[in-house]
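Heads up, the thing below is written out as structure tokens.
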Amino acid sequence: MIKVEGLTKTYKGFTAVDNVSFTCKPGAVTGFLGPNGAGKSTTMRIIAGLTPPSRGIATVNGVNFRDIPNPGTQVGVLLDASAQHAGRTGREILTISALTMGLPSSRVDEMLALVSLSPTEAKRRVKNYSLGMRQRLGIANALLGNPQILMLDEPANGLDPAGIHWMRGLLRDYANRGGTVLLSSHLLHEIEVIADEIIVIGHGSIVAQGTKDELLQTAGTFVKAGDNSALAVALTAAGIMAAPSGDGGLRTESTPEQVGRVAAAAGIPLAELRPADGAGLEEMFLELTASTQREVNTPVGVQA
Ligand SMILES: Nc1ncnc2c1ncn2[C@@H]1O[C@H](COP(=O)(O)OP(=O)(O)O)[C@@H](O)[C@H]1O
Ligand SMILES: [Mg+2]
């Protein structure tokens with residue numbers, strides 16, 4: 001169990017993480033989703049005891065990460081796959097970790113096999129590894145101590161489609177066997193396919209959290225008519241709020257049946273009428289991403 005309460009991190013007046021609270025439960029994959037710069041890595045570094053928070057607390061199984069004896073046997077962490085001694089071989093890196101944790105060297109071979117790094121690859125220096133190979137090595141390192149909790153920061157970066165598929169299977173199995181997984185990504189799809197619980201972060205704050213089903217739940221109705229403005233007028237007259245949706249139609253908070261009735265009564269032919277499934281999360285995420293982009297592109301002194 002990972003628990004974060006009121007976590008805040010400021011750097012010289014800039015708030016990177018703003019009052020963030022969440023819990024990751026055993027038996028579930030918790031997806032930590034947010035655009036670049038949202039505060040995911042900072043939050044994870046605080047959980048791993050690498051960055052001190054300005055306010056709030058983060059605990060793993062009820063204690064500070066730094067107070068866990070032999071932490072690698074309780075929490076497997078992969079924050080930056082390239083943060084390894086480039087001159088060491090993959091096998092050397094795992095062997096040093098195994099020695100540090102007091103594990104037999106047979107565990108190194110097991111992990112190399114698990115992440116499909118061949119004996120030849122394991123003998124190569126990490127500076128000659130692709131990013132995908134580094135991620136595999138990092139996952140092997142995180143799993144080495146057979147921990148009950150895994151925390152991985154953007155582990156899918158650099159993996160090819162087969163590698164991503166493999167990793168999803170691995171994390172699913174791990175959670176099904178009762179493990180706790182916290183996994184971050186800046187890609188909605190990545191999180192959507194693997195996570196049971198989703199935490200969405202933007203500009204340092206949590207903007208949504210819940211089970212995947214809750215967050216992807218039908219969010220009202222999407223409707224498209226030949227004459228959208230006439231339909232909007234009819235819906236408003238019937239007390240149904242309608243707003244233009246990105247894809248040339250309207251979005252309402254009511255059911256497709258209610259919208260259909262209004263359109264029929266007003267004699268307005270419809271081109272499309274369906275539950276606006278999952279679009280809520282995607283739109284929110286696009287908005288977050290867009291506002292992040294805007295900030296980056298806005299010249300200093302100009303209001304976004
Ligand atoms: N050591 C630091 N000093 C100053 N700003 C930092 C530092 N670390 C992170 N930040 C800033 O905090 C914000 C969140 O960064 P980060 O947690 O890496 O985001 P994410 O992992 O979601 O992409 C970014 O704006 C980043 O530039
Ligand atoms: Mg990051």
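Just so you know, ligand 1 is whichever comes first in the structure, and atom 1 is the first atom listed for that ligand.
- Checking Asp227 against Ser229 by side-chain atom types alone, a donor-acceptor pair falls below 3.5 Å.
- A salt bridge links Glu154 to Lys40: at least one charged side-chain nitrogen sits closer than 4.0 Å to a carboxylate oxygen.
- Between Arg172 and Asp196, at least one side-chain nitrogen of the basic residue sits less than 4.0 Å from a carboxylate oxygen of the acidic one, meeting the salt-bridge criterion.
- For atom 1 (N) of ligand 1, a protein non-hydrogen atom is found at a distance below 4.0 Å.
- Taking any N or O of Lys40, backbone or side chain, at least one lies under 3.5 Å from an N or O belonging to ligand 1.
- At least one heavy atom of Gly39 sits less than 4.0 Å from an atom of ligand 1.
- Nearest protein heavy-atom contact of atom 17 (O) of ligand 1 is Thr42 OG1, 2.5 Å.
- Side-chain contact check for Thr8 and Asn19: no donor-acceptor pair (N or O, by modelled atom type) lies under 3.5 Å.
- Geometrically, ligand 1 and Gly37 share a nitrogen or oxygen pair separated by less than 3.5 Å.
- Distances from atom 14 (C) of ligand 1 to the protein include at least one heavy-atom value under 4.0 Å.
- Every atom of ligand 1 with a heavy atom of Phe14 under 4.0 Å away is listed here by number and element: 11 (C), 12 (O), 13 (C), 25 (O).
- For Thr43, no nitrogen or oxygen atom sits less than 3.5 Å from a nitrogen or oxygen atom of ligand 1, counting backbone and side chain alike.
- Side chains of Val223 and Leu231 form a contact here, defined as non-hydrogen atoms less than 4.5 Å apart.
- Distances below 4.0 Å separate heavy atoms of Ala16 from the following atoms of ligand 1: 12 (O), 13 (C).
- Which parts of ligand 1 touch Ser41 is read off a 4.0 Å heavy-atom cut-off, strictly below it: atoms 17 (O), 18 (O), 20 (P), 21 (O).
- The ligand atoms of ligand 1 that sit less than 4.0 angstrom from a heavy atom of Pro35 are 22 (O).
- In terms of protein heavy-atom proximity, atom 4 (C) of ligand 1 is closest to Tyr11 CG, 3.4 Å.
- Salt bridge annotation for Lys25-Glu197: present, with a cationic side-chain nitrogen under 4.0 angstrom from a carboxylate oxygen.
- Every atom of ligand 1 with a heavy atom of Asn36 under 4.0 Å away is listed here by number and element: 23 (O).
- Remark: the Arg251 side chain and the Ser245 side chain contain no N/O donor-acceptor pair separated by less than 3.5 Å.
- A salt bridge between Arg91 and Asp109 is present, with a side-chain N of the basic residue lying under 4.0 Å from a carboxylate O of the acidic one.
- A salt bridge does not link Glu121 to Lys123: none of the charged side-chain nitrogens sits closer than 4.0 Å to a carboxylate oxygen.
- The existence of a salt bridge linking Glu190 and Arg168 is confirmed by a sub-4.0 Å separation between a basic side-chain nitrogen and an acidic carboxylate oxygen.
- Between Asp153 and ligand 1, no N or O atom pair is found at a separation short of 3.5 Å.
- Among the backbone and side-chain atoms of Asn36, no N/O/S atom is found under 2.8 Å from the Mg ion (ligand 2).
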